[in-house]
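First up is the structure itself, then whatever we jot down about it.
As the structure is a prediction and not an experimental result, all values here were calculated from the model.
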Amino acid sequence: MAQFSPEFLDELRARLPLADIVGRRVKLIRRGREFVGLSPFQKEKTPSFTVVPDKGFFHCFSSGEHGDVIGWVMKMEGLSFPEAVERLAAEAGLALPQTTPEERARSERRKGLQESLEAAAEWFAARLFAAEGAAALDYLKRRGLSEETIRRFRLGFAPNERGALRRALNAAGFNDALLAEGGLIKQPEDGGAARDYFFDRAIFPICDRRGGVIAFGGRAMGDSPAKYLNSPETPLFHKGQVLFNLDKARRAAHETGEVVAAEGYMDVIALCQAGFEAAVAPLGTAMTEEQLAELWRLAPEPTLCLDGDQAGQKAAFRAMERALPLLQPGRSLRFALLPQGEDPDSLLQSQGPGALRGVLSAAKPLSELLWMRETQGKSLDTPERRAGLRQSLERAVREIQDPSVQEAYRLDVRRRFDEAYGRAFAQRNRWQGGRGRPFGGRQAGGQGGAQVLGLPAPGSRMPPGLLPRRNEQAVLAAAINHPAVLQDHLEDLVRAQLSSADLEALRGALVDLLAEQPDLDSDAIKGHLRQQGYSGLLDSLLSRNVYDLSTFAHPSATPEWVREGWRHGLELIRERLSREETVEATRQLAESMDEADLNRLESKKRLTQEGEARRVDLDKYDPASRNG
């Protein structure tokens, strides 16, 4: 990774007014020495986004996003830190620092390779619109591409004249060594003269994340054993790390929040022409870990739109296998399986964008694809076969590295198994009828109100790290199960900050949903959240594990206990946040010994003490005592 000195970064920030850069994407209004606007990270009606030019940072109070001008470009453009610095340095007129002669030489070599590839792209494009490219141009138009789209994607043609590109680029000043290193020419095995790598093919330029040409794909126009051919590996091009159309898809993905990964060049180009701008594709190989990482930089749940045949289904299963170990809270995949015999290009031509939008809207979450892979076409009519299914599901779940996601998947596959093979009814009976716990009243056995409201009974034990998460799960579960009861109090959920990233993502989605459609009932809320990819997380928090300790969140809880438990659950969240802020203020004071930090620390301590004084001791609290 490129290294930049603090002095260089400070100069970069000083040259670029933050308000000007942010103002290109957000309408800002000046208020004193600051600017405010609507959050670019969440939908809202009241401005919560602030830019502070004097201090050089932005802050979004609704989402918690914070950063400087470099961080802004990283978030808005989906760039890495070095890429954002390079982009801003070019705008500011600052030369990037070169640290060693070797690095300078390597940079010059890469620059020469890129220039030769750009020249080749221009030459290929010119050939497409010349007489020699008439057949290739006709082929592209018959595939439904407009001339505007052809020019936008810089499509071209490599004529069936071996050596034509080499001669043209040699004349432009690019020697054979550079052309060979860039994958434009190759040395025949018989030892003859070097010849062009591509000939008699429609050409698709492949670009890096910034839009620079780094390789080409070619579609054969005549008879060839290889219908599609990509450039060989070069210092600029590593096939497993690149997605076709990534440069154009990034901005669209950041604006829409969705990205579609198809299987080939023509699918992607057809998708973009039909209005699905955030479309990409791997380059003729199964999706790699590096390509999945690129997809997740674009959107938390990209949709893989694969051909409706056996090969497309196999590709979906391979992508799922690659993705399982990499899943994170709020980060997964969805799979849109097309009708038999269709690909995105053919479906768009035969039925139009509406049909494709329907397919994308019905995309299956990864958890459902896992269940499909393990069950479809299998006879599970004996105990031994069902035991084998359970074992294979558990084995797949163990591939997931993140503990919270792995646990959520374990709950999901067990629920699916129980619902499919008969155990769920017995479990529900034991849960509702065998525990002697009437929701909304006192505990059988005299446990009192602590468990009714969502805390362990006195003397019970729970791992310390699990209690805050269970409390946050209970608060969300109550909001989902009882939207009408809590309708007048949901503003408190907007201000809550949860400690778990996956629960915080679900909280944001729930707040957005209720803000847009406040009259939704519990079932509708669950349906919308599942469509957004939160099925596994919903199953974990709307479960017996949560209800055992947080009965106020159960669907059967009475309105009084829902409100009481909700109030105390939010109070616990606020106390946790206050304690964390006090610790941070103490750390800042230790580093700075500044009077302002000291005042901030004292203020935090006072707020924490006041919160603890107001807090009800829920271990001793008995809601039945409210009625005398």
Taking the side chain from N471 and the backbone from G569, do they hold a donor-acceptor pair closer than 3.5 Å? yes
Looking at Q273, is its backbone amide N or carbonyl O close enough to the side chain of T149 to form a donor-acceptor pair, meaning the two atoms are under 3.5 Å apart? no
N/O donor-acceptor pair under 3.5 Å between E44 side chain and L38 backbone: no
Sequence neighbours excluded, which residues qualify as ring-ring contact (aromatic ring centres under 6.0 Å, His included) partners of F57? H66
Tell me if a side-chain donor or acceptor on D412 pairs with a main-chain N or O of G536 at a distance below 3.5 Å. no
Just so I know, are the side chains of L356 and C305 near enough to count as touching, which here means a heavy-atom distance under 4.5 Å? yes
Side-chain heavy atoms of L295 within contact of M287, under 4.5 Å: yes
Is it the case that the side chain of R209 and the backbone of E294 share a donor-acceptor pair, with hydrogens and angles ignored and the cut-off at 3.5 Å? no
Using modelled atom types only, decide if a donor and an acceptor are shared between the side chain of H482 and the backbone of H554 within a distance under 3.5 Å. yes
Basic-acidic side-chain contact under 4.0 Å: E564, R567: yes
Just distance, no hydrogens or angles: give the donor-acceptor pairs under 3.5 Å from side chains in residues 323-334, sequence neighbours left out.
unit_1: R331; atom_1: NH2; unit_2: L326; atom_2: O; d: 2.5
unit_1: R334; atom_1: NH2; unit_2: A363; atom_2: O; d: 2.5

Knowing that exactly one of K75, Q42, H59 qualifies, which makes a side-chain hydrogen bond (donor to acceptor under 3.5 Å, both in side chains) with E65? K75
Please determine whether a side-chain nitrogen of the Lys or Arg among R24 and E77 lies less than 4.0 Å from a carboxylate oxygen of the Asp or Glu. no
Is it true that a side-chain atom of Q291 and a backbone atom of L243 form a donor plus acceptor pair closer than 3.5 Å? no
In plain terms, say whether E83 and R87 are close enough for a salt bridge, that is, a side-chain N and a carboxylate O under 4.0 Å apart. no
Donor-acceptor pair, distance only, cut-off 3.5 Å: does the side chain of S39 make one with the backbone of F49? no
Using a 3.5 Å distance criterion without hydrogens, assess whether the side chain of R507 forms a donor-acceptor pair with backbone atoms of L493. yes
Can you list everything that forms a ring-ring contact (aromatic ring centres under 6.0 Å, His included) with Y534? Sequence neighbours excluded, please. none
What's the spacing between L292 CG and L304 CG if we round to 0.5 Å? 7.5 Å
Is any side-chain heavy atom of E86 closer than 4.5 Å to a side-chain heavy atom of L96? yes
I want to check something: taking the side chain as every heavy atom from C-beta on, are V26 and V51 in contact at a cut-off of under 4.5 Å? no
Under a 4.5 Å cut-off applied to non-hydrogen side-chain atoms, are V85 and F8 in contact? yes
